[in-house]
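Report on one structure; see the data block that follows.
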Amino acid sequence: MANLSKSTAPRFSVDVYQNEYLPEGGREVNAIVTVTSTGGGTTGGVPLPSASSASASGSSAPSAPAASAGPGPDAAVVIMVDCSGSMDYPPTKMRHARDATAAAIDTLRDGVAFAVVSGTHVAKEVFPGQGRLAVADASTRAGAKEALRRLSAGGGTAIGTWLRLADRLLAPADVAIRHGILLTDGRNEHESADALRAALDSVSGRFTCDARGVGTDWAVKEVTGVASALLGTADIVADPAGLAEDFTRMMENVMGKEVADVSLRLWTPVGVEIGFVKQVAPAVEELTGRRTEAGPRAGDYPTGSWGDESRDYHVCVRVPEAGIGQEMLAARVSLVLPAQGGGAPEVLSHGLVRAVWTDDMAASTAINPQVAHYTGQAELATAIQQGLDARKSGDVDGATAKLGRAVQLAASSGNADTAKLLSKVVDVVDAATGTVRLKAKVADADEMTLETRSTKTVRVKK
């Protein structure tokens with residue numbers, strides 16, 4: 001496969017979609033903030049919105065190109081491969097993992113720093129060794145693939161140790177993008193949940209990480225928890241034969257990233273309270289609890305690394321009560337990069353969230369279509385999780401009600417992919433009303449795929 005070439009630094013824009021009108025005494029203001037990065041690399045994430053898809057009621061500042069990493073390697077990647085004993089069952093699983101890692105290495109851009117880690121109940125450097133990173137070229141790619149041939153399965157699983165080693169390898173790299181790819185086929189049985197959480201807390205914000213579960217013997221919440229904490233993606237590869245394609249696609253996406261450590265900064269006037277901040281496309285991701293203070297009445301919410309892509313965020317704030325005819329700036333949303341060399345943070349773009357009090361009932365009760373859509377998508381993700389939890393606990397009525405609601409929401413929002421996954425867990429009698437019956441037998445792969453992908457969303461229909 002041809003390597004992806006580095007492009008110019010991306011430009012960012014922020015567009016705000018909301019109904020700013022509130023009735024007398026109204027306090028809650030909701031807005032969907034669309035952040036778009038263009039011109040920076042290979043397109044990743046979700047398709048960019050067309051100009052006709054919605055109208056913005058908040059202004060967007062002119063975009064400036066983000067600071068570039070400059071010449072030389074601009075990314076560093078560590079691939080963590082599960083080599084525990086279960087990777088030998090069936091024996092082809094380990095072979096597919098080696099082939100997938102080799103395919104990912106072939107996708108590395110020349111000059112990118114990289115390493116491969118073998119993960120069991122301990123973490124070991126496979127290539128290049130000696131606590132360092134290699135620089136991708138024809139020779140190091142060949143050397144890494146030769147080292148992969150010596151990988152064998154044996155031992156336990158302690159994912160926290162893998163992440164800590166990846167962090168030690170990535171930390172010295174003078175690059176813009178630090179990223180991990182983690183593959184596991186089993187449960188994290190050789191360290192406690194607290195130990196894994198401590199490892200995630202330790203490396204959070206230091207690199208991003210995509211996580212994949214292969215087969216059906218791993219724990220969904222462990223894999224999705226890793227990806228969520230490290231601002232990456234999570235998915236299932238039920239058939240190990242699909243690993244090479246998935247790893248190639250993941251690495252292509254990483255090679256398209258150009259800017260890291262971008263934060264969504266929310267500034268609010270005196271008296272305004274933050275309700276929540278969450279990413280809602282391409283997947284639902286709660287960000288409220290990840291706030292770090294950024295000066296008086298301002299806080300930063302991490303968004304990770306960016307290439308050519310667009311993401312949506314739902315911001316909810318509570319404003320003080322005001323009388324008819326009054327208006328105020330409810331929040332300013334900015335995209336910022338951290339300060340470099342003691343300077344001020346770089347503001348990439350910004351948008352405004354407004355509140356206007358009116359006695360026009362039609363104006364104040366209208367629900368902005370973007371806000372309504374993503375409120376439904378967040379409810380869809382919650383309904384799936386609650387429904388699957390109820391099913392596992394034997395609560396047939398609860399599972400039927402929640403998964404029925406999920407079917408209804410998926411159908412009404414046009415989320416065809418999620419609707420298809422739901423149909424493998426329930427028999428759909430009437431999607432419009434959410435009438436379903438639980439299937440008597442459900443394949444483990446189908447249930448795990450639904451759970452893993454439950455937070456994936458679709459954009460607002462035109």
Side-chain angles (χ1 to χ4, degrees), residues 1 77-108 114-127 129 140-159 161-163 165-166 180-190 209-224 226-227 232-254 421 424 441-453:
M1 169 172 288
V77 184
V78 173
I79 305 173
M80 294 159 273
V81 184
D82 190 338
C83 292
S84 61
S86 57
M87 287 292 288
D88 248 349
Y89 301 96
T92 52
K93 192 188 293 183
M94 193 70 236
R95 174 171 60 81
H96 285 306
R98 288 193 294 264
D99 291 346
T101 305
I105 289 168
D106 278 337
T107 313
L108 286 166
F114 77 101
V116 181
V117 167
S118 164
T120 60
H121 52 284
V122 294
K124 297 179 180 177
E125 300 168 49
V126 174
F127 184 86
T140 55
R141 288 191 197 91
K145 288 187 283 187
E146 177 62 32
L148 289 175
R149 295 189 181 98
R150 298 191 291 272
L151 286 183
S152 59
T157 304
I159 293 173
T161 65
W162 315 354
L163 295 169
L165 176 55
I181 291 177
L182 185 149
L183 172 72
T184 185
D185 81 321
R187 298 173 185 272
N188 200 47
E189 295 177 336
H190 289 79
C209 185
D210 295 321
R212 294 294 185 267
V214 59
T216 58
D217 293 328
W218 48 280
V220 172
K221 287 180 172 58
E222 286 177 353
V223 170
T224 56
V226 168
T233 65
D235 208 350
I236 179 175
V237 185
D239 183 353
L243 278 173
E245 180 182 356
D246 186 78
F247 267 46
T248 299
R249 187 165 54 246
M250 270 196 294
M251 190 62 82
E252 286 175 343
N253 189 52
V254 176
L421 295 175
K424 296 182 178 181
K441 292 185 179 180
V442 177
D444 289 343
D446 290 336
E447 182 176 4
M448 292 177 70
T449 301
L450 175 61
E451 184 176 2
T452 305
R453 299 178 183 173

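As the structure is a computational prediction, the values presented were derived from the model and not from experiment.
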Among residues at least two apart in sequence or on other chains, which ones pass side chain to side chain donor-acceptor pair (under 3.5 Å) with Glu189?
none

Which atom names give the shortest non-hydrogen contact between Ala445 and Ile236, and what distance separates them?
O-CD1, 4.1 Å

Let me confirm one number: the CZ-CG distance from Phe127 to Leu151, rounded to the nearest 0.5 Å.
12.5 Å

Ion pair present between Glu447 and Lys424, side-chain N to carboxylate O less than 4.0 angstrom?
no

Check the pair Ile159 / Thr157 against side chain to side chain contact (heavy atoms under 4.5 Å, CB included), numbers first and verdict last.
CA-CA 6 Å; Ile159 293 173; Thr157 304; 4.0 Å; yes

What's the shortest heavy-atom distance between Ala144 and Ile105, and which atoms?
CB-CD1, 3.7 Å

Nearest 0.5 Å please: distance from the OG1 atom of Thr101 over to the CE atom of Met251.
9.0 Å

Thr452 side-chain N/O to Thr449 backbone N/O, donor-acceptor pair under 3.5 Å
no

Quick one: pull up CH2 in Trp218 and OG1 in Thr184 and give me the separation to the nearest 0.5 Å.
9.0 Å

For Val81 and Val117: C-alpha separation, side-chain torsions, deciding distance, then whether side chain to side chain contact (heavy atoms under 4.5 Å, CB included) applies.
CA-CA 6 Å; Val81 184; Val117 167; over 6 Å; no

Using a strict cut-off of less than 4.0 Å between a Lys/Arg side-chain nitrogen and an Asp/Glu carboxylate oxygen, indicate whether Glu146 and Arg149 qualify as a salt bridge.
yes

Between Val226 and Cys209 the two heavy atoms that sit nearest each other are CG1-SG, 4.5 Å

Please tabulate, for the side chains in residues 83-90, all donor-acceptor contacts under 3.5 angstrom to protein atoms that are two or more places apart in sequence or on a different chain.
unit_1, atom_1, unit_2, atom_2, d
Ser84, OG, Asp82, OD1, 2.7
Ser84, OG, Ser86, OG, 3.2
Ser86, OG, Asp185, OD1, 2.8
Ser86, OG, Asp185, OD2, 3.0

Min side-chain heavy-atom separation Arg98-Lys145 under 4.5 Å:
no

Sequence-distant partners of Phe247, ring-ring contact (aromatic ring centres under 6.0 Å, His included), two or more places apart
none

Backbone N or O of His121 within a donor-acceptor pair of the His190 side chain at under 3.5 Å?
no

Qualifying salt bridge (charged side-chain N to carboxylate O under 4.0 Å, His left out) pairs, either residue in residues 114-126, two or more places apart
none

Nearest atoms (heavy-atom pairs only) where Val237 meets Gly242
CG1-C, 3.8 Å

Please find the pair of heavy atoms, one from Ala166 and one from Val78, that lie closest to each other, and give the distance.
CB-CG1, 3.9 Å

Would you say the side chain of Met80 lies within less than 4.5 Å of the side chain of Leu165, judging by non-hydrogen atoms?
no

Quick check against the 3.5 Å criterion: does Glu222 have a side-chain atom that pairs as donor or acceptor with the backbone of Asn188?
yes

Could you give the distance from OG1 (Thr140) to CG (Leu108), rounded to the nearest 0.5 Å?
8.0 Å

All side chain to side chain donor-acceptor pair (under 3.5 Å) counterparts of Thr233, not counting sequence neighbours
Asp210, Arg212

In Å and rounded to the nearest 0.5 Å, what is the CG to CE distance from Leu182 to Met250?
9.0 Å

To the nearest 0.5 Å, what is the distance between CG (Asp239) and NZ (Lys93)?
11.0 Å

Evaluate the side chain to side chain contact (heavy atoms under 4.5 Å, CB included) criterion for residues Asp446 and Leu421: first the C-alpha distance (whole Å), next the side-chain angles of each, then the deciding distance (0.1 Å), finally the verdict.
CA-CA 7 Å; Asp446 290 336; Leu421 295 175; over 6 Å; no

Contacts of Asp235 that satisfy side chain to side chain donor-acceptor pair (under 3.5 Å) - sequence neighbours left out
Arg453

